[in-house]
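To keep things clear, I will list the structure first and then write my remarks on it.
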Amino acid sequence: MPEQMQLSRRLFLKSSAVAGGGFALAATFPMAGRATAVSGPADLNAFITIHGDNTITIIGKNPEIGQGIKTMLPMLIAEELDADWDSVSIEQADTNAAKYGPQLAGGSFATPMNWIPMRQAGAAARAMLIAAAAQRWGVDAASLATEPGRVVQPGTSRSATYGELAADAAMMEVPEPAGLTLKDQADFRIIGRAIGGVDSPKIVRGEPIFGVDTQLDGMVYAAFERSPVFGAKLVSANLEAAKSQPGVIDAFTIEGNGNAAELVDGIAVIADNWWLANKARASLAPQWDNGEWETHSSAGYAQAAQEAWAAGTSDEVFAEKGDVDAAFADADQVLEAEYSYPFLAHVAMEPMNCTALMHEDGTMEMWAPSQTPQGGQQAVANYLGLEQNQVVVHITRMGGGFGRRLNNDYMVQVAAIAKEMPGTPVQMIWSREDDVRSDFYRPAGWHKLRAAVNAEGRITGWADHFVTFDLGGGQFNPAAMSPDEFPAKYVENLKFEQTKMASAVPMGALRAPTSNAMAFVMQSFLDEVAHATGKDLPTLMLEITDGVEPEPETQGFVGPQPGFSAPRLQAVTRKVMQMSNWGQPVASGHALGFGFYYSHMGYFAEVVEASLDDRNNPVVHNVWAAGDVGSQIINPYGALNQVEGSIIDGIGQAIQLAVEIEGGAAKQSNFHDYPIPRMPMTPQLHVEWVLSDNNPTGLGEPALPPVIPALTNALFALTGKRVRSLPIDKSIFA
């Protein structure tokens with residue numbers, strides 16, 4: 001793990017007295033040395049502030065998009081601090097890499113990255129409070145203990161609240177991480193407790209806590225017009241016509257910086273309220289140079305995939321072992337199938353927005369609902385020619401993200417607008433049409449699969465010609481496929497090849513990126529193999545992984561992590577079979593389907609009970625989910641919310657969601673033609689955990705992928721018709 005992500009190597013903790021007789025404690029990144037205590041109020045990078053009245057403020061460092069991280073991370077600190085949770089308040093951190101290390105909401109990284117560091121921060125504060133009490137009472141610190149919010153000496157009447165000890169504790173030596181003893185799991189009081197979101201009461205009351213709620217004195221509103229055709233350049237626009245509209249203050253063009261992930265050509269319309277700014281866009285009559293991109297379409301991409309398969313050649317073989325040709329020549333059965341999935345939009349309930357104020361001194365201040373605020377801060381600084389610390393970014397709560405807010409184009413857009421209006425705060429809001437038509441979409445993809453099966457029903461060869469998109473370099477490619485995609489490691493003869501197409505369609509991560517597509521393809525085709533060999537899919541999965549030892553630890557983005565574990569796959573598979581009474585009769589006109597997937601270090605096996613209504617629309621009645629995300633469910637309430645939300649999300653994707661590209665632009669525009677799941681679609685959800693001897697991992701994503709093949713496999717069991725393309729085309733059941 002990079003050093004700036006891990007407190008357990010070197011912990012740089014600062015403590016100081018603060019107004020009111022308390023102290024603040026912080027763990028900073030990167031770690032480089034030790035600090036001495038200072039007196040008086042100080043603006044420090046504190047995770048923990050203990051006030052004289054025995055209340056405690058804990059900083060939530062990561063962005064909150066509804067995944068519960070603003071509650072969960074402080075729970076880790078409070079547990080080791082031995083705090084009274086009822087006395088704890090949570091404050092959202094601003095963007096500051098030097099103080100807080102990585103601040104992001106994505107990849108289900110928050111739990112594995114912070115499981116130890118946040119606990120160490122709490123444990124260090126507890127040790128300092130004990131040291132302060134020991135000094136005050138003239139006793140050995142080892143003779144003292146803590147109860148929620150206080151230090152005690154067992155067997156005596158000595159007791160002091162954290163608030164009473166706070167000022168003295170600020171002067172204590174900061175302990176080294178190696179010397180800290182973290183709590184045993186059996187002693188947890190806060191970790192493992194179902195705790196509601198700290199912002200939930202505010203949300204229920206409708207308090208203005210989201211990015212779009214930001215209000216500043218003298219603020220104006222901006223709408224941003226861009227070409228519907230991806231990759232187009234602005235030729236002209238009727239600015240004077242827009243300026244003549246009611247309430248409009250100004251209109252001007254913005255030149256893109258050549259990076260669609262940051263800033264494209266467009267026109268800003270400024271007004272004294274957003275509705276008028278957005279309405280005035282209709283008078284701009286912009287002219288665009290669409291170049292080659294206006295000929296692109298989803299249908300064209302699909303045709304290109306067919307042509308690539310017909311040609312029998314690919315751009316690249318990215319995984320190969322054994323002799324695939326011989327395996328297929330010797331096979332007793334050869335199965336072939338073509339699978340595809342569409343572009344998908346994120347459609348977070350809060351559209352993209354951001355508020356920016358260019359100060360007269362040339363510095364920038366922003367209020368940003370971003371999943372990667374540090375990345376947005378750097379992008380804005382680069383665009384404006386500033387140092388990163390000259391861009392102040394306040395993190396606001398987000399009304400959803402699902403990966404869309406990993407891209408910070410809206411931050412750069414409003415920065416470009418505010419740059420032209422120094423001293424005036426500008427809030428830019430996207431319409432829902434902007435949001436759907438200017439997304440970074442989940443990439444579409446096409447797979448031509450083949451499986452060779454011997455007389456014993458064992459897979460002896462596995463091949464896939466994957467047609468995808470060339471998205472250039474970078475550490476993360478949402479259109480990619482892993483060379484280890486299951487069951488690649490468990491077959492002797494393998495060939496994965498791919499053909500890449502050029503496109504200007506912006507693409508990015510959507511909840512469980514790559515996994516949300518690959519699970520459908522691979523688990524569905526494995527179900528075909530199972531059916532052809534007289535088995536069911538869970539039985540085939542258990543056979544494939546029977547006797548396979550867990551893989552060794554690997555070095556990942558969040559540091560050392562366990563390798564893929566076949567026993568954990570088997571455990572969740574058996575658990576969900578038991579939960580769903582797999583193999584037992586179900587209601588007439590109903591059928592069960594199974595799906596498994598491993599992603600973001602989480603193992604999930606799921607079973608769907610489905611039927612068709614009188615119009616052949618799929619209906620999901622029950623979903624059973626068994627998950628293994630390690631030894632501890634930190635907040636059962638938040639964990640259940642994430643799993644249930646993931647399952648509902650996946651069902652919606654499977655049944656009715658697709659973005660179609662026509663004429664180089666997104667055809668869909670709003671919820672009428674991009675219908676996200678509604679309450680009547682929600683089935684009965686049954687979630688259980690399989691605990692394993694591994695540090696806990698994230699839950700925002702791994703429960704989504706398996707529900708899609710579980711549904712399509714259930715529909716095959718019901719009708720005998722295979723769903724090989726998403727969203728589900730109900731006409732195949734007629």
Donor-acceptor contact present, side-chain [X] to main-chain [Y], <3.5 Å:
| X | Y | answer |
| --- | --- | --- |
| D435 | W430 | no |
| E350 | G211 | yes |
| K183 | E79 | yes |
| D439 | H346 | yes |
| E701 | S108 | yes |
| S599 | S515 | no |
| Y674 | A345 | yes |
| R432 | M349 | yes |
| N516 | R511 | yes |
| S87 | I56 | no |

What's the spacing between [X] [atom1] and [Y] [atom2] if we round to 0.5 Å?
| X | Y | atom1 | atom2 | value |
| --- | --- | --- | --- | --- |
| W115 | I634 | CH2 | CD1 | 5.0 Å |
| T355 | Y221 | OG1 | OH | 8.5 Å |
| I633 | L699 | CD1 | CG | 6.0 Å |
| I50 | I58 | CD1 | CD1 | 8.5 Å |
| N694 | Q561 | CG | CD | 11.0 Å |
| S370 | L406 | OG | CG | 8.0 Å |

Smallest separation among heavy atoms of [X] and [Y], with atom names:
| X | Y | result |
| --- | --- | --- |
| F230 | A666 | CE1-N, 3.9 Å |
| E64 | G66 | OE2-N, 2.7 Å |
| M411 | Q377 | CE-N, 4.1 Å |
| A348 | R405 | CB-NH1, 3.6 Å |
| A125 | I48 | CB-CD1, 3.8 Å |
| M358 | A418 | CB-O, 3.5 Å |

> Does E255 CD have over 12 foreign heavy atoms under 6.0 Å away?
Replying inline: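 Atom CD in E255 is not packed in, count stays at 12 or less.
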>> Does E207, at its CD atom, have more than 12 non-hydrogen atoms belonging to other residues, nucleotides or ligands within less than 6.0 Å?
In response: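 Yes.
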Is there side-chain contact between [X] and [Y], with heavy atoms separated by less than 4.5 Å?
| X | Y | result |
| --- | --- | --- |
| L182 | I116 | yes |
| I59 | I77 | no |
| P175 | M128 | yes |
| V629 | F604 | yes |
| M507 | S503 | yes |
| S631 | P696 | yes |
| N62 | Q103 | yes |
| I417 | F252 | yes |

>> Please identify which of these residues, L73, V198, D199, meets the side chain to side chain contact (heavy atoms under 4.5 Å, CB included) condition with I90.
In response: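 Running side chain to side chain contact (heavy atoms under 4.5 Å, CB included) over L73, V198, D199 with I90 returns exactly one hit, V198.
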> Given D361 and T363, is the side chain to side chain donor-acceptor pair (under 3.5 Å) satisfied, shown in steps?
Replying inline: CA-CA 6 Å; D361 63 1; T363 61; 2.7 Å; yes
>> Test side chain to side chain contact (heavy atoms under 4.5 Å, CB included) on H51 and T57; report intermediate values, then the result.
In response: CA-CA 8 Å; H51 305 280; T57 300; 3.1 Å; yes
>> Does either side chain, that of D434 or that of S431, offer a donor lying less than 3.5 Å from an acceptor on the other one?
In response: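 Yes, S431 and D434 have a side-chain donor paired with an acceptor closer than 3.5 Å.
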> Judged by modelled atom types alone, do H600 and T697 share a side-chain donor-acceptor pair under 3.5 Å?
Replying inline: no
> Do D265 and S227 pass the side chain to side chain donor-acceptor pair (under 3.5 Å) test, and can you show the C-alpha distance, the side-chain angles, and the key distance before you say yes or no?
Replying inline: CA-CA 8 Å; D265 284 9; S227 172; over 6 Å; no
> With H394, which residues qualify under ring pair (Phe, Tyr, Trp, His ring centres under 6.0 Å), at least two apart?
Replying inline: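 For H394 the ring pair (Phe, Tyr, Trp, His ring centres under 6.0 Å) partners, ignoring immediate neighbours, are W367.
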> Taking only residues two or more places apart in sequence, or in another chain, which ones meet Y598 in a ring pair (Phe, Tyr, Trp, His ring centres under 6.0 Å)?
Replying inline: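 Result, ring pair (Phe, Tyr, Trp, His ring centres under 6.0 Å) vs Y598: F564, Y603.
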>> For F469 together with Y441, are the ring centres under 6.0 Å from each other?
In response: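 No.
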> How far apart are the C-alpha atoms of T95 and M366, what are their side-chain angles, what is the distance that settles it, and do they pass the side chain to side chain contact (heavy atoms under 4.5 Å, CB included) test?
Replying inline: CA-CA 10 Å; T95 302; M366 309 187 80; over 6 Å; no
>> Working note: M398 + Q371, criterion side chain to side chain contact (heavy atoms under 4.5 Å, CB included); need CA distance, chi angles, decisive distance, verdict.
In response: CA-CA 8 Å; M398 286 157 270; Q371 291 181 241; 4.2 Å; yes
> How far apart are the C-alpha atoms of W274 and Q427, what are their side-chain angles, what is the distance that settles it, and do they pass the side chain to side chain contact (heavy atoms under 4.5 Å, CB included) test?
Replying inline: CA-CA 9 Å; W274 180 81; Q427 183 175 93; over 6 Å; no
